There are 2 protein chains.
Amino acid sequence: MDRRPTIVDVARQAGVSKSTVSLVLQNSALVKEETRQQVRQAMADIGYVYNRAAATLRSANAGLIGLVINDLRNPFFTEFATSLQMALSAAGYATVLANTDEDPDLQGQVVSAMLEHGVSALIIAPTYGQEDATFGAISRAGIPALQVLRKVVPEVDRFPFAAPDYLAGGRLAARHLLDLGARRIAFLGGLEGREVTYQRMSGYLAVLAAAGLPPLVLPGRPGRAFGREAARLLARSHPDVDAVICFNDLVALGLLSGCAEIGRRVGPDLKIVGFDDIEDCAQVFPGLTSVRCDIACFGQRMAETMLRWLRDGCAPPPETLTPVELIARGSTLSR
Amino acid sequence: MDRRPTIVDVARQAGVSKSTVSLVLQNSALVKEETRQQVRQAMADIGYVYNRAAATLRSANAGLIGLVINDLRNPFFTEFATSLQMALSAAGYATVLANTDEDPDLQGQVVSAMLEHGVSALIIAPTYGQEDATFGAISRAGIPALQVLRKVVPEVDRFPFAAPDYLAGGRLAARHLLDLGARRIAFLGGLEGREVTYQRMSGYLAVLAAAGLPPLVLPGRPGRAFGREAARLLARSHPDVDAVICFNDLVALGLLSGCAEIGRRVGPDLKIVGFDDIEDCAQVFPGLTSVRCDIACFGQRMAETMLRWLRDGCAPPPETLTPVELIARGSTLSR
DNA sequence: CTGAAAGCGCTTACAG
DNA sequence: CTGAAAGCGCTTACAG
């Protein structure tokens, strides 16, 4: 047997027609149990492998879902992608994954490639820029698509949006610090002009305004390197700052390292809150207080949402915000 | 236009036959430049999207490569998967990715699913267990497949193996510590019975044996949590240990946290070397000395290797070990 | 250089 | 419940 066996080979082996084999493949209730057994046995005997390309061509369902991620190296997104992929896999869908590295051109390319491959749906943690090119192409393809974690196009009826409730998270973080007696609270990291930065910052701004305290916003790249440098910057240029809310955990973890480096005590001297609650937060010392988005759960939830949309035609609500909670750890203890 | 346009529609629009359109799609030199332009224009005009499923059915090349990873949450593997995917994407291949979470059953499942999807090739960072089920299926499908980072089946002619030179890495780490005056060096982490654990340990064992020093091996799960606990274990049960080589960076970073927690000075009191050199190593304080595997480069290299195999039929050598180097940082400084 | 025809391996109505 | 036939959108020889 040098070529791959087809349903015709299976049919011959089992002594039925190829239509019957096809029905068995689809778990149709039309086929008698005994026949089903025979067919399955025949498949096993000749080593049949289902050819999805052929099935796709006829029925226009590839069983393939595209997952596009703006920064897959960030553990927050890794966890998201992993939990989503595993949930889809359990439901019989394979995941085509691409990292766009915050590059809009790359994003356009990979989305086109996925559409050519006939993905049945797309879940996209988008990057900013060239939104029309990317989402226009998806729109023309007419497949279900979810924008997650960042809203980059306003058409949430066509492209429903879901994310953790960043605003509430920022509020929780700010209140936590106020309750602990902090009086000069900064917001650190996140690129200026990005909607997601503003989202994560706005709860903080609201709480400070309500308390009659002035905000201090120090934008920066959302990675460890910036956080680490910021430790020096804070000590030198803003010695009055007694607490910091970071754009994400990477910035916060960098800041933690930076404080260790310059010998500033995290907790008593400077309280630090991260955002996302990636796994590292619980493992570093002192532990990093963070806003838990439960991204693994969020990933599973997005998988279910998409499966429901695909299977029952039941589109999700235009906007979904999932709850967040504050996890207090050593980085905000006073001693 | 409610159905997706096909090459027939493009042909009609451009006033040529559908064969010609197909040739244009394949960038065939047979088509006159002027005709090519017309056809491309027609595609753009009617919003044509290439249907790869149809092409695959006829020509048996899906332009899809499967990537199977045993632990995608570990930044080492994330970086590997990301760099590989991006290199494949640049070459026009889409990547189907799955995390197996070290579960052999899951691995069998996702590999089957990928074969059904007609992946042209497979790159697999395998888990231990049920090797025959997984690799038997790949073998029957007859597609090129690479086992990377771990060798789990001995048939390296059929499944070429590539990984960083772990043995050399262990040797570098041990020599580095001996040169710095360490006299009681432990090897920490890695599950017993796994080939990869032995690989990473063997350079250490060889160097210690040559120096006439007794080894101390403390196996454990390859994550931060184990490393952190190990700080206590070492201080209590093995106070004479003055240096540690860790199975991977996660263990080492956990150990770093654990030492901070119990107030043990990393460097002067205890020297620590990690393995992999993930990005965090340079960002923590003190910086973590580690064995650099340059996994991003390794990922790109594997992409090229596979592309050459696929395009030129040029199979890689049965075993490839890529060089590693020791990156010294604060965690092995004496003060 | 271009066109007409067959065929890849399935699914889908439609008869029986 | 099962079978014969058409067709999904391409590619691939084969003529011209």
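Just so we're clear, the structure is a prediction, and the values are computed from it rather than from any experiment.
The separation between A:Asn51 atom CG and C:dT11 atom C1' is 13 Å, rounded to whole Å. Protein atom CD of B:Glu116 is 11 Å distant from nucleotide atom P of C:dT11, rounded to whole Å. Rounded to whole angstrom, the span from the CG atom of B:Asp9 across to the C1' atom of D:dG9 amounts to 10 Å. Atom-to-atom, CG of B:Leu57 to C1' of C:dT11 comes out at 12 Å; the value is rounded to the nearest Å. Distance, A:Tyr50 OH to C:dT11 C1': 8 Å, rounded to whole Å. One can place CD1 of B:Ile7 at 15 Å from P of C:dT2, the figure rounded to the nearest angstrom. Atom-to-atom, CZ of A:Arg58 to P of D:dG7 comes out at 9 Å; the value is rounded to the nearest Å. To the nearest angstrom, C1' of C:dT2 lies 12 Å from CD of B:Gln38.
Between A:Arg36 and A:Glu33, at least one side-chain nitrogen of the basic residue sits less than 4.0 Å from a carboxylate oxygen of the acidic one, meeting the salt-bridge criterion. The residues B:Arg73 and A:Glu79 are annotated as salt-bridged, a charged nitrogen and a carboxylate oxygen being separated by less than 4.0 angstrom.
A:Thr78 places a side-chain N or O within 3.5 Å of a backbone atom of A:Asn74 that can act as its donor or acceptor partner.
Non-hydrogen atoms lying under 4.0 Å from DNA chain C are contributed by A:Lys18, A:Ser19, A:Ser22, A:Gln26, all within residues 18-36 of chain A.
A donor atom on one side chain and an acceptor atom on the other are not found under 3.5 Å apart for B:Thr127 and B:Gln107.
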Show me the dot-bracket string of DNA chain D, counting Watson-Crick or G-U pairs under 3.5 Å, with | for pairs to another strand and [ ] for crossing ones. |||.||||||||.|||
Go through it in stages, so that I can follow the logic: the residues are B:Ile124 and B:Val152, the test is side-chain contact (heavy atoms from CB on, under 4.5 Å), and I'd like the CA-CA distance, side-chain angles, deciding distance and then a yes or no. CA-CA 10 Å; B:Ile124 172 165; B:Val152 302; over 6 Å; no
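By the 6.0 Å contact criterion, CZ on B:Arg301 is open, its count of non-hydrogen atoms from other residues, nucleotides or ligands being 12 or less. Other residues, nucleotides and ligands place more than 12 heavy atoms under 6.0 Å from the CZ atom of A:Arg158.
Ring geometry, B:Phe80 versus B:Phe298: the interplanar angle falls from 30° to 60°, so the pair is classed tilted.
Contact annotation: B:Ser59 does not reach the phosphate of D:dT11 (side-chain N/O to OP1 or OP2, under 4.0 Å). A close approach under 4.0 Å does not occur between any side-chain nitrogen or oxygen of B:Thr6 and OP1 or OP2 of D:dG9.
Between A:Glu304 atom CD and A:Leu88 atom CG the span is 10.0 Å, to the nearest 0.5 Å.
Note on B:Val16: only backbone sugar-phosphate atoms sit closer than 4.0 angstrom, heavy atoms only; bases stay farther off.
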